[in-house]
Amino acid sequence: MTSNLIVFPIILPLITSILLILCYKRLYFRRYLSIASLFLQMYTIIVLTTQVIKENTLQVLYVGGWDAPYGIALTFDLLSGIMTGICVFLAIITLLYGFGYTPIKKEHLFKLPLFFFMIAGIQLSFITGDLFNLFVAFEILLIASFGLMSLESRSNHKKYTYPYVALNLVGSFVFLVTIAVTYRLLGTLNFADMGVRSHLLTSDPRLWVMGVMLIFVFGLKGAFFPLYYWLPKSYPILPTPTGAFYAAMLTKVGVYGMIRLFGTVLPHSLGTLHTLVLVLAIPTMLLGILSAFSKKSMRDILCFNLISHIGVIMMGLGLFTKESLTASLFYMIHHMLVIASLFLIAGLIIKMKGSDNIENIGSLWKTSPLLSGLFLIQGLSLSGLPPFSGFWPTIGLIREGLSQGSYILVFSLLASSLLTLLSMVHILFRGFWDTQSPNVQKPVPYFKPMVGVAGILVLVSLGLGLYPEPVLKLSHDATEMVLNQKAYQSQVLP
Amino acid sequence: MFHSIILYIVGRFLFVFINLAALYLLIRGHNAPGGGFIAGVTTALSFVFLTIISKSGDIKKLLIVDPIYVMITGLSIVYFLCLYPTFGFKAVLTHSQFTPLLFDVGIYMVVVGVIGSVMSAMIHNTEQLP
Amino acid sequence: MSITTIYLIGVLTSCAIYLILHRSLVKILFGFGLLGHTANLILLASSGNPNGKVAPIIDGVSNSFVDPIPQALILTAIVIGFGVTAYLTALFYHIFQTEKSSHAEDIFPI
Amino acid sequence: MGVSLSFILDGLSYFFGLMITLIGALVFLYSRYYMTGPKEEYGRFYMYLLLFMGTMLGCIFSNNMITFFVFWELTSIFSFCLIGFKYADPEHQKSALTALVVTIGTGLYLLVGCVIAGMGFHTFQISEMVSRYFTLPPVWFTIMLVCILIGAFGKSAQFPFHFWLPSAMKAPVPVSTFLHSAAMVKLGIYAIARFYPILSNHPMWAPLLITIGTLSMTWGAVRAVLSHQIKEILAYSTVSQLGLLVLFYGLSFHGVSHDYFHIANHMFYKATLFMVAGILITSTGIRDIRQLKGLRKYMPLTAFSCAVAAMSMAGIPGTMGFIAKEHILNMFFLLIAHQSLFFGIGFVCFILSSICLFAVGCRLVIPIFGGKKPPSLKIVKPRLPIQIPAIILSSFIAIFGIFPSLWAFLFSSFSVHQLHKFPMDTIHSVSSFPVTKAATIGIFLLGYLLFRYLENKSLSVPAIPFPTLPSLAKLGSTVTHFLRLDKPLDYLFIVIGFLICATGWVSFGFHQPLVGFISDAIKPSMLDIVVTSIICLFAVATVVVNGWIGRLISLTTLGFLISVYFMLHKAPDLALTQLLIESVTLILLLLLLTRFSASTKKIDHRLPFTSLRHILKICISIGAGLWIISILIMMSGPPASPPIGSFFTLHSQSLAKGLNAVNTILVDFRGFDTVGEISVLVIALLGALGLIHRQKDLFSRKS
């Protein structure tokens, strides 16, 4: 069985980045090439996903022809399809937007190659079926993200890369320790094989330690409560297009890892671990959003909102039922689209007013109604209000939370939703409604296509809100596939 | 940097010797300790060594080409080897007769290129500064 | 694994963490280097007891080899660790250059 | 998910739909002449108003709980836009925010209620719920009831949430007319009526509605009497009337009768009064009623409609208000006579609020329109069209007040099974109970006395502060500061501390296995002990030695020693790699540090780090060591399943044609890891070059 197509979402960006380094002189060609490569990648992902849906099984590729668990198996199921698809979609959107944002002469030569390396890392982590390979994938995306961050931020901001790097290096260290523990304990690194072997020792305390360490590793990537420190100071130093991509994708990789490992690999009976996630979800939801009120810059506020919504996703993860995971997955999809578009809107504001400090912008409600409309829609969407996309998973989460008796969680969810709304209203009042604010700079007419690109993203998320059924079904099917360990094992292990 | 003519002559001699050793490590890697990475680091070290004792202090001159190109060539070899088996409808990265060695060569080039570049950048820039 | 290995790794971790919690960026750099070594040793520890076994190079004589998988993983980890060190060096180079200091308090005022 | 766009078309929704469209149409007409300002603002206003009306109707007609909720929240959002229509004014922003927070916040409770209902009845269709059993435990039913009622109370400005309504009076008058008399606040009443068949059997239903209704009725009426701003008076009287409606539903056991009449009464007179208030404000520019006098000559039509509406509010015969009041008085007497004296409290409160409302009615008519106009008061005569909607509405009040049978004729077919009483008793223009008559007359007398008493007094009630964005911002900074989010130097402390606590808790939590595993640890050889001790020594040296040169030497020696350790552990490839990489790292670090050693030395004597931080540092690093030791002890136990490693030593030669198993794994079995690994190297290089070089130096061959 050789479904080599699976490797293309990974290898295409890698090859693209080589080509991008090579033709460093042809600036326009680089841009066309990168977009073309992303579209090609999108095509392969669509083909793969339709195949998965049609056959209702996951696609497996044994790299090098070595059967699992000895070689590395790449697995592509519906969850991978959704995540990789959104990743490429957002990459296209943010790149196109970025082309308008940064003048072509000022774009750093290594920006595009590093961006593509990062995409390769992200896609690999969505596709791989091997724990150590996942580590490698994380390293690819992390170091690429370090590089991109220090490349793109302004010279006096580059130092803020350091906390990001340091915390993530600690995370990598713990990941290595976890791999050692896993290999010692289970004697294998393949997900399916890990699943088979861990079922034999569900009462072994060592499995719990392994689980907690995995929560640490993925929680650090996914910005769970006491581990999110790297996030709020690092994302805002990026230029907004890149920041939008980071905010949308990078934390989700950690969340994806949690879903994959707790759904597909580890036995579902490790309830204490789920409880740990639930316990961490509450402060993540509430503290994240509260900090948002102390910030003035729109991107800072969005970053703290992002943390709070990771808490919402964690809630679905911790409740760990099919419905709650479906809700989490849907929420994740919604959140990636919305947070990215809000970052892009912030970018437009920066272009227009020279700053995204909400005290300094003002009067946008009057001067640019289109932008205000986009912001209002996405702001309401972010807070989970109907009929926008965030609302549908919220229902599912409330339902599951109530039926499992986690009232505090439901309450925190609602509180965080209300607080998100307030923080959006905060931006709305200061940034859009107030007219007295002094402008830092004279307004600059922005590049029209950029609004179009941001508008596409808003439209997509609006569509998701108004007609959620297909995506809801998709995430339901994906969750079912993730939770069906028996099928996964029999598919991967020959 | 630390230029002295005797050191330089000895260095050149050592340079050739070290590189031969690296080649040996590269080739025998599949069967004994060694391999692309180890050989690559060895070669890179020899270049760095030679750079430090040479007059100009520039690896780029010694390597004739920019190490980045060496790196890219190596990387291309590796990625090509990933895709090559798919033309024969085999799984990605399936090895045949000589490809393991080629794979090692690719790694070797990448390592030489990376270490060479980063060292050259550090040497170059630290000298430039006041 | 032997008890000495356990203590060795414990001491190394303590030292590494102590260094990375330090205020001087140079020490932090050293700390991360040490942490990398520690990770490699922990990975090696997962291959179990090496006594009475030989290196995983098939010589046709012995048939009790140490587990080669952790070694392969460590090799990958060493390479990645080198990459990280190179990047960190460059980052600190940049920070030293722009901030004219290697002390974290100057860079991130308390 | 069971969410569908289905509609419920029964008397209840028709009635509400009719009323909302009627008043909506009049408000549109009214605002055509009321609104002044640039054209585009105009358009925006109508857009919001239309959207609001659409969502109102959507809410009323939806049969699905979730769509109901969707429209419910949308009305809140559009009302936010309408209240904050004059967006630049901070006061307007504040009121819009208050309204939004209260209505959305309580709406979230409604959502919880809806979700529970969906779980309990296994459907979201409201029409189906009536005929189904609630399958969850009864306590869930109580929670659902409370949640839905909180939602309804928030929307219709009931007692603990009432404050948003007076504050929302900053909005333009048409908005107040529509939202705060007719449409949005009635949504809560609609919800109560809609869920009456489902919820009213619950023992909590009546007490909750009666308590909250009584409280808001009384408090609203008292506040209305004590206020002076015309719109504030109207807002508080709205709170009072809504409380009355809530109370009314609470008192209606086994079916409701004539609730439409009460609702329509309030809608008509309150909308009229708001429109009148708008006319007064536009033509005089004054909002305080104490400054208005003798206006009847200048706007006789308005004076007429105001008088009719105020009479209805006061409950004077000939208006709808009179009939409504008598009806409720009758209800109270019947309840007190047949059920219990408990309802006496409600009765007293009702009398009290009626007295207050009578006084308010007097205040709105007699001083404003009667008497002589002071010369300082400047009046622009209102145009005719702006007065028409108010006249239409007030004539409704009079017509239905005089001919209640006409009302019965028109609306009796709107009754809904399971909500209304069948057969419904007819509405009489004059009650048959003598007690009722006495009570009515008493209310009139006392109300008039109250009006006279208050005429020349100016009492005021202090406003209750509502937490706003600045206070949230303060809380936010406290949280941020407490979590030390603004101190990048503390991040590592927190994260590593958490790691130790979280995993340490688990691994120390299982003592027994640990003790078991430690006995499995093998005895080290002498060589092992020597090498490890030397490595430990150099590790400690790296920490304690002064100056970077010493540290670097210790670290590098340690690296070389680790390669010896690798050799001891039968890993020649690792040893070789470690040796080489250590050399490269040494050169790299030397290149960095020789350049910067001068600057690092300079700043060495400075204040010592705070001692607490130092202690914490030591604690965390020792904790980390213990943590890793506990994990290693745990690992030293027997593996749970045989590792796959032996496969490679067995098959390396036959399958991968190589003798060095490590290398075959790297190149062949797990070659994909290696592909990733060298990509990492390249990525790290790109990142490093980006930091070291300037853009233009890249790819240049010059040195």
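So you know, we letter chains A, B, ... as the sequences are listed, proteins then strands, and number each from 1. Just so you know, these numbers use all the heavy atoms, side chains as well, and skip hydrogens, waters and symmetry mates.
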Looking only at heavy atoms, what is the nearest atom pair of [X] and [Y], with distance?
{"X": "D:Leu483", "Y": "A:Tyr229", "result": "O-OH, 2.8 Å"}
{"X": "D:Gln93", "Y": "A:Asp434", "result": "NE2-OD1, 2.8 Å"}
{"X": "A:Ser291", "Y": "D:Leu485", "result": "OG-CD1, 3.6 Å"}
{"X": "D:Leu74", "Y": "A:Pro386", "result": "CD2-O, 4.1 Å"}

Hey, could you give me the [atom1]/[atom2] distance between [X] and [Y], rounded to the nearest 0.5 Å?
{"X": "D:His92", "Y": "A:Trp433", "atom1": "NE2", "atom2": "CH2", "answer": "10.5 Å"}
{"X": "A:Leu189", "Y": "D:Arg670", "atom1": "CG", "atom2": "CZ", "answer": "5.5 Å"}
{"X": "D:Asp673", "Y": "A:Leu134", "atom1": "CG", "atom2": "CG", "answer": "10.5 Å"}

For D:Pro470, all residues meeting side-chain contact (heavy atoms from CB on, under 4.5 Å), sequence neighbours excluded:
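Testing D:Pro470 for side-chain contact (heavy atoms from CB on, under 4.5 Å), a comparison that skips the adjacent residues, returns D:Thr468.
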Classify the ring geometry of D:Phe80 against A:Phe429: parallel below 30°, tilted from 30° to 60°, perpendicular beyond 60°.
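Ring orientation, 0 to 90° scale: parallel.
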Within the 4.5 Å heavy-atom criterion, are [X] and [Y] side-chain neighbours or not?
{"X": "A:Pro226", "Y": "D:Val495", "result": "no"}
{"X": "A:Leu419", "Y": "D:Leu472", "result": "yes"}
{"X": "A:Val136", "Y": "D:Phe672", "result": "no"}
{"X": "D:Val682", "Y": "A:Phe117", "result": "yes"}

Name the one of D:Ile116, D:Ile143, D:Leu136 that satisfies side chain to side chain contact (heavy atoms under 4.5 Å, CB included) with A:Leu402?
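Among D:Ile116, D:Ile143, D:Leu136, the one that satisfies the side chain to side chain contact (heavy atoms under 4.5 Å, CB included) with A:Leu402 is D:Ile116.
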Taking the six-membered ring for Trp, are D:Phe647 and A:Tyr70 ring centroids under 6.0 Å apart?
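Yes.
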Taking the six-membered ring for Trp, are the ring centroids of A:Phe225 and D:Phe498 within less than 6.0 Å of each other?
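Not close enough - the centres of the two rings lie 6.0 Å or further apart.
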Contact origin within D:Phe482 toward chain A - heavy atom pairs under 4.5 Å:
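For D:Phe482, there is no contact with chain A at all, as no heavy atom is under 4.5 Å.
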Of the backbone (N, CA, C, O) and the side chain (C-beta and beyond), which part of A:Leu200 lies under 4.5 Å from a heavy atom of chain D, both, or neither?
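For A:Leu200, neither part sits under 4.5 Å from chain D.
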Let me check something: any side-chain donor-acceptor pairs from residues 105-114 of chain D under 3.5 Å, sequence neighbours excluded? List them with distances.
residue  : atom : partner  : partner atom : Å
D:Thr106 : OG1  : D:Val102 : O            : 2.7
D:Thr106 : OG1  : D:Thr103 : O            : 3.2

